[in-house]
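Letters go in sequence order (proteins before strands), and every chain restarts at 1.
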Amino acid sequence: MARPSMLRRTIATPLILSALLVAFALVAWLAGSRPFNQTVIDIFLQVIFVVGLYTFVGNSGVISFGHIAFACLGGYVAAWTTIKPMMKGVSMPGLPDWLMQLEIPFWAAAVAGGGFAAFWALVFGAVLMRLSGIAASIATFAMLAMVNSIYSNWTSVTAATSSVVGIPIVRTVWPYLIAAIIVVFIAWAFAISRYGLALRAARDEPTAAAASGVDIPRVRLIAFVISGAIMGAGGALYAHSIGLVTPDTFYLGLTFTTLSMLVVGGIGSLSGAVLGVLILSSLIQGLRWLEAGVQVGASTIALPGGVQEIALGAVMILILMFRPAGIMGNSELTGRIARTEKPGEPGEN
Amino acid sequence: MAPIMQVVFDALSLGSLYALGALGIALIFGVMRLVNFAHGDVIAFCVFALLWPSVDAVAIIFAGNLPWFLLIPFTLAVGAGLSVLSEVVVFRRFRRANPATMMIASFALGFVIRYFLLMLFSSRPKSISLLPGLSQPVELLGARIPLLQLITILVTIAVLIGLTAFLRRTRFGLEMRAAAENFTMARMLGVRANRVIMGAFALSGALAAAIALILGSQTGTANIMMGASVMLMAFIATVIGGMGSLAGAVIAGFALGAIATVMQVILPPDARAFRDAFVYGAVILVLIFRPQGLLAARGTKERV
C-alpha cells in the first residue's frame, strides 16, 4: 500500500467524485420519474465502464479497444447465474448442471462476473501485454471480436445472437451508485499503489522505468486484470439494469461510447473519466431527445437516426485536436485550486 | 486432386482480400504511424457510393449501373478521394500527436463515416448486383471456381507487382519509402511531407475501393458493417507482419486467408461457426513466440 502522505494528499479526489455521484443519485430520487431514474442508472453503469477502462488505459497509456469484451463476459455470467433454472433450460440448454440449478442474488452475480472477467483478462493479458503499445491496442480489438464471435455462435450456452431474457431487473439507483463509488475507490487505490505508480512511470518514461527495475509487462498485466474485473462486474450490473443480454450489446457501439467518454474527460485522469461520462451522457441524452422529435408549433422536428453517434465522433475528434489530454488533462479534482501537475501526454508507445 | 485445388483457390482469394486490406493499413502506418481504424468504413462507403441514398430494403443502384470500365475507376476515385479528404480534414492536424491519439481519432472518424451511411441508408443490409458477369464458374486445374475468385487473385497479384515497381522504381515511391524509414530525415533531405502522405492515403483509399468492389460482387449485399471483418483481419495481418512492413503485411494477409480456409475444411461442422475465433486464437499463439511480428520493420523500433 502507498505511503500515508500520498493517501492524505489524494484522498480528496475519490471523495469529491463520490459526492458528485451521490448528488446525481439524490436528484434522480427526488425527481422520482421512471425514465430519469433509468438515465441515472445508465450514467452510473457508464461510470463503472469508463473508470474500469481508465484503470488500464489511463495508467498504462496503452489504448484498449477490447475492454467491452470483459463486460460481455460479466453480462453473461449474470445471465447464467440469476435467471430462473426453468427459463435457463429453455434458452441455454447447454449449461452444466450445477450452473443450471444456480440462482444467486444480483450483487453476487456482479462479483462472480468480475471474477470470471478477471480470469480471462489474466489469460489474454499474459499474451497481449508482451506486445508493444500499438500492436497491443490492435490485439485487444481482436480479443473483442473473438469474444463477440464466440458468444454470437455458441447457441447452447449463450443462445447465440438472440437475446437472453429473464435476468431479474434491479430498478433502484442505489446499488449502481454504491458500485460506481466502490469502483472509483478501487481505481484510486490502484493508481496510488506501488504497481500503479510503477505503471505510470513506465507510461511516461518506459526506458527509465525499466532501468529502475519496473517489470513493464507484469505491472501492465496487473492493471489489465483489475480493470477487466471492474468491466466484468459492470457488465453483470448492466445485464441487471435492462434484464437481457445479447452479444451485440457489448460490442463496437458500447466500446465507442466508453472510449469517447474517457478521451473527452481525459485519458490520464480519474476525475476526467467520471466527468467525461457526466458531460457526454448529457449530450447523448439531449441528442436522443432531439432524435425522438421535438414539438415546434404544429410540426415535429426530429433529427435523423445516427446524428447522435456522428456528433459524439465529432466532439471526440475536436477534443483530440485541440486538447489531446482531454478536459482534465493529467490533473485531478483535489478541492484545491490551480495546483495542476506538470502537463504531459499519456502513452508515447 | 480437385478438392485440394479448390481449397488452394479459396485460400488465395480470401488471402488476397486480407492482403489488400493489410497493405492499405500498412502504407499509412509506414509514413505517419497512424493505425487507421477508419479503413473498414472507407470500404463500406465505396460500396454505398454506387447506390442512391434511400432507407428502403431494395437498393436503388445509381453509379453501380455504369459499365465496368467506368465503374472501376469511379469506385477507386471515390475511395482515394474519401481517404485523402480524411487526411486533409482530420489527420493533418494530428501530425505531431502521438500514435495513440491518432488511433483514437481514426476510430472516431470511422464511426462518423459509418453513422453517416446509417443516416442515409439505414442499417438494413441491401441486396445489390454488382458486376454480375463475374459469378460464372470457370474450370481451372480441375477445380470449378467462380470467375470472380480468379480475378480477385489476379488483381491482387497485379496490384502487388505494380506497387512494388512503384515503390522501387519511381521517385515518388522512393520518397515514400524514405518517409517510412525516417520521416524527419526524409523531410530534411527535401521530401515533401504533404505530398507523400496524401499519396499514401490516396493509394490506401484506392485499395479499400478495390476490396469494396470485390466484396460487393462476391456477397451481393451492401451493409454498413461490411468493411469491419476484413479490416480486423487486415489489422491482425499488419500486427503479425510486423507493423509497417509492407511485405510482412502481405505475407501475413495470405497466411491468415490460408489458415481461415483450412480451418473451414478441417473443423467439425459444429465448430465452423467459430472459425474466426480459432483464427484469432492462432494469431495470439504466433504473438507469444514472435511479439514483434514476423518481419519487424526497421523504422518502428522503439528508440531510446
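- Residues of residues 223-230 of chain B lying under 4.5 angstrom from chain A, judged on non-hydrogen atoms, are B/M225 in numerical order.
- Between A/L199 and A/R203 there is no side-chain heavy-atom pair separated by less than 4.5 Å.
- Atom OG1 of B/T238 is separated from atom NE2 of B/H39 by 10.0 Å, given to the nearest 0.5 angstrom.
- In terms of modelled atom types and a separation under 3.5 Å, the side chain of A/N153 and the main chain of A/S149 share a donor-acceptor contact.
- The ring pair (Phe, Tyr, Trp, His ring centres under 6.0 Å) test with A/F70 is passed by exactly one of A/F250, A/Y76, A/F224, A/F116: A/F224.
- For the atom pair OG of B/S86 and CD1 of B/I113, the computed distance is 6.5 Å after rounding to the nearest 0.5 Å.
- Contacts of A/F322 with chain B are absent, with no heavy-atom separation under 4.5 Å from either backbone or side chain.
- The cationic atom of B/R114 (NZ for Lys, CZ for Arg) lies less than 6.0 Å from the six-membered ring centre of B/F111 and within 45° of the ring axis.
- Geometric assessment of B/R96 against the ring of B/F94 yields a negative cation-pi assignment under the 6.0 Å and 45° thresholds.
- Identified by a heavy-atom distance below 4.5 Å to chain B, the contributing residues of residues 311-321 of chain A are A/G313, A/A314, A/M316, A/I317, A/L320, A/M321, in residue-number order.
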Please tabulate, for side-chain N and O atoms in residues 50-59 of chain A, each donor-acceptor pair with protein atoms closer than 3.5 Å (sequence neighbours left out).
from: A/T55; atom 1: OG1; to: A/V51; atom 2: O; distance (Å): 2.8
from: A/N59; atom 1: OD1; to: A/R200; atom 2: NE; distance (Å): 3.4
from: A/N59; atom 1: ND2; to: A/T55; atom 2: O; distance (Å): 2.9

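- Residue A/L259 holds its CG atom at 6.5 Å from CD1 of A/I267, rounded to the nearest 0.5 Å.
- Of the two parts of B/V90, the backbone and the side chain both hold a non-hydrogen atom closer than 4.5 Å to a non-hydrogen atom of chain A.
- Legend: ring-ring contact (aromatic ring centres under 6.0 Å, His included) pairs involving residues 222-248 of chain B, not counting sequence neighbours, sorted by first then second residue: B/F37-B/F235.
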